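Below is one structure, written out as structure tokens; comments come after it.
For clarity, every value in this text was computed on a predicted model and none was experimentally measured.
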Amino acid sequence: MSYYYQNEEWEVDVDEEEEEKWVKNYSSNHQILLVGEGDFSFSLSLAHSFGSASNILASSLDPYDVLMENYEDAKWNLENLEKLGASLLHGVDATKLKLHSDLRWRKFDRIIFNFPHAGYHGNEAHTRVIKMHRNLVHGFFSCARGMLRADGEIHVNHKTTAPFCHWNIRELASKNWLVLIGCVDFKKEDYPGYNNKRGDGSRCDESFPLGECSTFEFRLSPTARGIAPSIGHERSRSFHETPVQMQQWSPSLNFTSC
């Protein structure tokens with residue numbers, strides 16, 4: 001590239017910007033937060049596709065030592081995410097995100113919760129169990145809505161057959177000033193290396209049958225901007241601060257807004 005100044009020509013070398021890479025609706029230029037990760041294989045799948053994880057902050061409910069005990073591949077996945085530049089947090093409750101010191105002021109383009117589940121507490125079709133799952137998703141929406149950048153999106157991957165469809169996550173989103181902008185089939189093969197995990201009980205490292213499932217894409221309602229109590233001013237912070245580990249939060253049936 002050439003610049004002219006006082007009749008003199010100066011040659012300036014300008015490095016080409018790194019090419020943007022996409023995986024479905026996720027870009028290497030997006031700041032991405034993943035919550036409720038199991039063995040972190042979904043985060044690593046995105047990172048491999050991008051060629052970097054510098055735009056990824058991945059978190060788990062389990063503390064680090066519990067991850068090591070529960071998931072055979074967790075150590076390998078976490079080590080590779082670190083090499084690719086990811087930020088990693090453990091002991092993070094998806095319903096209390098903004099209580100975490102490393103998340104309080106963060107804003108994201110995409111916030112992803114894969115197959116939220118409150119644990120195995122009996123028949124999935126039982127009203128009490130469905131209520132527990134709904135409370136989990138409601139608490140997540142209540143926190144995550146205030147962590148979105150302009151035009152940011154919250155994505156929830158979720159089964160669409162009964163009894164899971166009775167969670168009615170669209171209704172839960174609406175109660176949190178979120179509107180559905182898209183609903184597409186979720187296909188595991190779109191994310192090479194991803195291994196969905198049960199995440200609870202003695203069989204936590206086993207996969208569960210996905211069946212029919214979709215990615216539900218939500219965005220903050222225009223009427224909610226400046227209204228919702230969890231929406232605050234953005235404060236810029238580096239993605240590479242040293243994370244502070246928290247103790248694992250116990251799930252609750254009654255959540256308060258972040």
Side-chain angles (χ1 to χ4, degrees), residues 15-38 40-60 77-78 80-89 92 94 97-98 100 102-116 140-141 143-158 173 176-194 214-222 224-225 230-241 243 258:
D15 294 333
E16 293 184 2
E17 292 186 3
E18 188 173 340
E19 181 183 359
E20 182 179 16
K21 298 178 181 178
W22 285 84
V23 182
K24 304 301 290 183
N25 290 329
Y26 308 118
S27 163
S28 57
N29 289 344
H30 286 153
Q31 295 299 317
I32 299 174
L33 169 65
L34 297 108
V35 305
E37 283 287 81
F40 286 77
S41 58
F42 187 86
S43 300
L44 186 58
S45 176
L46 290 181
H48 280 157
S49 296
F50 294 152
S52 169
S54 60
N55 63 320
I56 293 174
L57 194 163
S59 66
S60 65
N77 292 341
L78 290 171
N80 281 275
L81 279 166
E82 288 181 340
K83 290 177 183 178
L84 289 167
S87 294
L88 304 170
L89 296 175
V92 179
L97 295 172
K98 299 202 76 173
H100 196 293
D102 283 324
L103 294 174
R104 186 172 297 125
W105 304 110
R106 299 285 182 88
K107 298 287 184 178
F108 300 91
D109 299 294
R110 298 289 186 272
I111 300 177
I112 306 169
F113 199 163
N114 286 320
F115 303 100
F140 164 65
F141 283 150
C143 281
R145 68 183 183 188
M147 302 175 69
L148 292 174
R149 288 183 168 185
D151 297 324
E153 299 175 11
I154 295 172
H155 290 187
V156 177
N157 291 313
H158 181 57
N176 284 283
W177 302 94
L178 296 166
V179 295
L180 184 71
I181 60 170
C183 183
V184 297
D185 291 341
F186 177 87
K187 297 179 180 179
K188 184 177 176 179
E189 55 267 28
D190 290 333
Y191 305 95
Y194 170 48
S214 296
T215 300
F216 293 81
E217 304 167 354
F218 300 99
R219 185 173 291 174
L220 191 65
S221 169
R225 298 188 183 280
S230 66
I231 301 171
H233 297 292
E234 181 170 354
R235 174 179 169 185
S236 176
R237 296 183 65 174
S238 170
F239 245 66
H240 297 286
E241 297 178 41
C258 286

Checklist entry - Within the distance-only criterion (no hydrogens, no angle test), does the side chain of K107 pair as donor or acceptor with the backbone N or O of G146 below 3.5 angstrom? => result yes

Next on the checklist: Return the OG to CD1 distance between S27 and I32, rounded to the nearest 0.5 Å.
Outcome noted: 7.5 Å

Checklist entry - Does the side chain of L33 come within less than 4.5 Å of R110's, by heavy atoms? => result no

Item to check | N77 versus S41, side-chain donor and acceptor atoms under 3.5 Å | outcome: no

Item to check | ring pair (Phe, Tyr, Trp, His ring centres under 6.0 Å) evaluation trace for Y26 with H155 | outcome: CA-CA 10 Å; Y26 308 118; H155 290 187; 5.2 Å; yes

Item to check | Rounded distance (nearest 0.5 Å) linking atom CG of L220 with atom CZ of R145 | outcome: 8.0 Å

Checklist entry - Can you name the closest pair of heavy atoms from N25 and E217 and give their distance? => result ND2-OE2, 2.6 Å

Next on the checklist: Please report the interatomic distance CG(N55) to OG(S87), rounded to the nearest 0.5 Å.
Outcome noted: 10.0 Å

Item to check | Distance, nearest 0.5 Å, that separates CG of L88 from CD of E82 | outcome: 5.5 Å

Checklist entry - Any idea how F218 and F141 line up, ring-wise: parallel (<30°), tilted (30 to 60°), or perpendicular (>60°)? => result perpendicular

Item to check | Parallel, tilted or perpendicular: rings of Y194 and F186 (30°, 60°) | outcome: perpendicular

Checklist entry - Do L57 and D102 come within less than 4.5 Å of each other through their side chains, counting heavy atoms only? => result no

Item to check | I56 side chain near L34 side chain, heavy-atom distance below 4.5 Å | outcome: yes

Checklist entry - Is any side-chain heavy atom of E153 less than 4.5 Å from a side-chain heavy atom of D109? => result no

Next on the checklist: Is a donor from one side chain sitting under 3.5 angstrom from an acceptor on the other, for S43 and E37?
Outcome noted: yes

Next on the checklist: Return the CG to CZ distance between L97 and F113, rounded to the nearest 0.5 Å.
Outcome noted: 9.0 Å

Item to check | CA sep, side-chain torsions, deciding dist, call: L103, K98, side chain to side chain contact (heavy atoms under 4.5 Å, CB included) | outcome: CA-CA 6 Å; L103 294 174; K98 299 202 76 173; over 6 Å; no

Next on the checklist: I need the minimum non-hydrogen distance between N157 and P116, along with the two atoms involved.
Outcome noted: O-CD, 3.6 Å

Checklist entry - Where do I154 and A144 come nearest, in terms of heavy atoms and distance? => result CD1-CB, 3.6 Å

Checklist outcome for this item: Heavy-atom closest pair (N29 atom, E20 atom, distance to 0.1 Å) is ND2-CD, 3.3 Å

Checklist entry - Side chains of I112 and F42: closer than 4.5 Å at any heavy-atom pair? => result yes

Item to check | Gap separating the CG atom of L84 from the CZ atom of F50, nearest 0.5 angstrom | outcome: 11.5 Å

Checklist entry - Would you say F108 and L148 make side-chain contact, with heavy atoms under 4.5 Å? => result no

Next on the checklist: Is there a side-chain contact between F40 and S60 in this structure, where contact means two heavy atoms from C-beta onward sitting under 4.5 Å apart?
Outcome noted: yes

